[in-house]
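First comes the structure, then the notes that go with it.
Values below: every heavy atom of this structure, side chains too, minus hydrogens, waters and symmetry copies. Proteins come first, then strands; the chains are lettered A, B, ... in the order of their sequence lines, and each starts at number 1.
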Amino acid sequence: MVSVNPFADFRCECETVLAQAVKHAFHEIETVAFPLGKPPRPDYGQLASPLCFELAKKLKRKPAELAVLVVQATDKSHFNLIEKVEAVGGFVNFYVNFPKFSALTLKSIKQLGKNYGFPKTDAPKKIIVEHTSVNPLHPIHIGQARNPILGDSLARLLKLRGHNVSTHYYVDDVGRQSSVIAYGYAKLGKPKPDEKADHFIGKIYTITSCIVELNRLKRQLEAATDASANEVAKLNKDIAEWTGIAAELEHKYPTLFNALLEKISADTNPEEEISKLNRAYEDGEPNAQKLIREVSELCLEGFRQTAKRVEIFYDSWDWESDFVWSNQVSDVLSKLKSSGFVFSEEGVLEFDAAKVIQDLQLRAKLGLREEQEVPPLTLVRADGTTLYTTRDVAYTLWKFSKAEKVINVIGMEQSLAQLQLKIALYALGFNKQAENLVHFAYNLVTLPGYKMSSRRGHYITFDEVLDEAIKRAYEEVSKRSPQLTEEEKQNIARFVGIGAVRYALVDVDTGKPVVFTWDRVLNFETNSAPYVQYTHARACSILRKAERAPTKLFCEELDEQLEHDLILTLASFPDVFIEAAEYLKPNIIADYSNALADKFNTFYNALPVLKAETPELCDARITLTEAIKIVLNNALNLIGVVAPEKM
RNA sequence: GGGCUCGUAGUCUAGUACGGAUUAUGACACCGGCCUGCGGAGCCGGAGGCCCUGGGUUCAAAUCCCAGCGGGCCCGCCA
């Protein structure tokens, strides 16, 4: 007999037994829910019900007495995975029958192998996970790297849950900043990158943007003849700040900086050139199209290389400009206009989110409190151009033409914009879509005492973090296993370093900010990917040395507390997976893998596998070790971490 | 000013959706042990907590509700 979820089978049996017993003992009472929870200690069993505390009220009797009655009323002939039921202090405690339960669990893991732990959903959906979507202006930095790591883990979870998942990258190429980089790139004569393309583009962007900003401020100061002293002071302060940044950049990249400065200074009004380019691009003018697409593509090629290093791939690259050129944005706009929730003020078109909430009574649906006010959203500027969120409405509707559910992995600082987006869908009558639009929000990654700013070139790139991780892992592996060949060491350093980074970024609760420190991200000890990887390699090593596969299970031999604990942990993996997939909590997979590794290491130190007292016990422990290897591998795979045979 | 979010040992963190048991999870750092043993990236032990504060609901609150306090974020004709 094989089970896709052994612990759920046990829970199900307990529920049935409990329901029957309660019905039998107190037929005058109608009970609908039969709560079962994990007791704090193993001597209270593996599942326990506090039901009698509730019944005590209705029946006006003591919980302890009722628990005894419930236990007496249980029908033992129905026990399969249950060993016994006991009443302790008002709780009804269920004890698992370990010989049977171990056999079921280990047999299931052995038979299902890499498919163990992934029960399929009853309602498979077509789901789009949009993640990363970093603007193609500069390399992905560590503050943004949490996004692809979370998005990719979510996609893996949902796929294995049985959904049809496709991952999308939204290329934000419409907007002033894309024209800034394109302008600088064109000024330099569209040079071929002499390093990784996104790093190359990043430098040009930062320098160009700095020079243009400084130029703008200076001209503004010249024109400010009748401005107040305060305004002049503010301008001077900004100029001083940007001059400092410029000096820093000139020092770091003298050739590039001076080349750009010379070319840009030839333009009397660079600001105006950039705006022109921006308008031409939105209008689909061929030269502008070619230029901006070329520079964006260059940067994206760099992103693809970085993503590949961490085993992340995208099914679709969606260009924001395509939605502008194809009139999907203007179509959505005219629909919004006729919805009655749009008003114009001084030539600016505004979307009245608050009125939508009131008229359509969305407060409860959106989980908003009475006093929460949602500000209006600007849809169209006075000059007739659209804004990011406006275009996002069109993009979101396009995504819904391809999927039933859309998950946007976006930082929590965009919560309001994502809420307004959802409200816009309701305003257009796309209720079902609005309900299936999920903003998967996560908190920022920050550097201690340092404000990351891509405009100023102040950031640590994701590539740098990966390089450093691999370098440190290499030092570590050289120290620990000097006998390995150079090639082996490099290979191990790669998956250990990258695993460590992925684990560190997925492990923390998404609601909490991560303060980036090298020690935190490059942890190779307990509660890290390397620790779990090491444990997996250790299990593999034992299995290699065993040189045989047990033909019988001998599960009744596994009667140590540590072994029981391991079996229970293995058996509950499907439950953990379901929770992670349903509630979008990839971090609990990381926690689970660490907990399982911990338990296995404790077991390993306390009890011999290959030198067990009897051949039967030895076989049983080999089977257990094999199961642990499989489950560790399956768990690590969910968070995109390699499970190595050796390291 | 309004809203969102977080608050658990020196630092970091699990548990909070769905309230349960006289020991609240684990890591780092700290103190003391364990390598002729299946891989020491490990294991065992010790010390360290008014679960932000105050009320409320309940047989039972880290968990739910209310009111505060503290940090972060958002409230743009930026994205």
Expressed in whole Å, how much space separates the C1' atoms belonging to C35(B) and U16(B)? 43 Å
When the C1' atoms of G68(B) and C74(B) are compared, how many Å lie between them, rounded to an integer? 22 Å
Suppose you measure atom C1' in C52(B) against the same atom in A61(B); what distance do you get, rounded to whole Å? 16 Å
Identify, with sequence neighbours excluded, every residue that meets side-chain hydrogen bond (donor to acceptor under 3.5 Å, both in side chains) alongside Glu579(A). Lys585(A)
Determine if the base of C12(B) is syn or anti; take syn to mean the glycosidic torsion is within 90° of 0. anti
Below 3.5 Å is the cut-off: list the nitrogen or oxygen pairs between protein and nucleotides 74-78 of chain B, distance only.
| from | atom 1 | to | atom 2 | distance (Å) |
| --- | --- | --- | --- | --- |
| C77(B) | OP2 | Thr378(A) | OG1 | 3.4 |
| C77(B) | O3' | Arg381(A) | NE | 3.3 |
| C77(B) | O2 | Ala382(A) | N | 3.1 |
| C78(B) | OP2 | Arg381(A) | NE | 2.6 |
| C78(B) | OP2 | Arg381(A) | NH2 | 2.7 |
| C78(B) | O3' | Arg381(A) | NH2 | 3.4 |

Expressed as a whole number of Å, how far does the P atom of G15(B) sit from that of G26(B)? 14 Å
For Tyr531(A), check ring-ring contact (aromatic ring centres under 6.0 Å, His included) against everything at least two apart and list the hits. none
Here's a test of your reading of the structure: between Ile542(A) and Pro39(A), which maps to the more 5' nucleotide of RNA chain B? Pro39(A)
With His131(A) via side-chain hydrogen bond (donor to acceptor under 3.5 Å, both in side chains) - residues at least two apart: none
Heavy atoms within less than 4.0 Å of RNA chain B: which residues of residues 351-358 of chain A have one? Give them sorted by number. none
Roughly how many Å apart are G70(B) and C28(B), using the C1' atom of each and rounding to a whole number? 25 Å
Contact list (N/O, under 3.5 angstrom) for nucleotides 43-46 of chain B vs protein:
| from | atom 1 | to | atom 2 | distance (Å) |
| --- | --- | --- | --- | --- |
| C43(B) | OP1 | Tyr531(A) | OH | 3.0 |
| C43(B) | OP1 | Asp598(A) | OD1 | 3.3 |
| C43(B) | O4' | Asn605(A) | ND2 | 3.1 |
| C44(B) | OP1 | Thr602(A) | OG1 | 3.3 |

Between Asn594(A) and Asn527(A), is there a donor-acceptor pair closer than 3.5 Å when you use the side chain of the first and the backbone of the second? yes
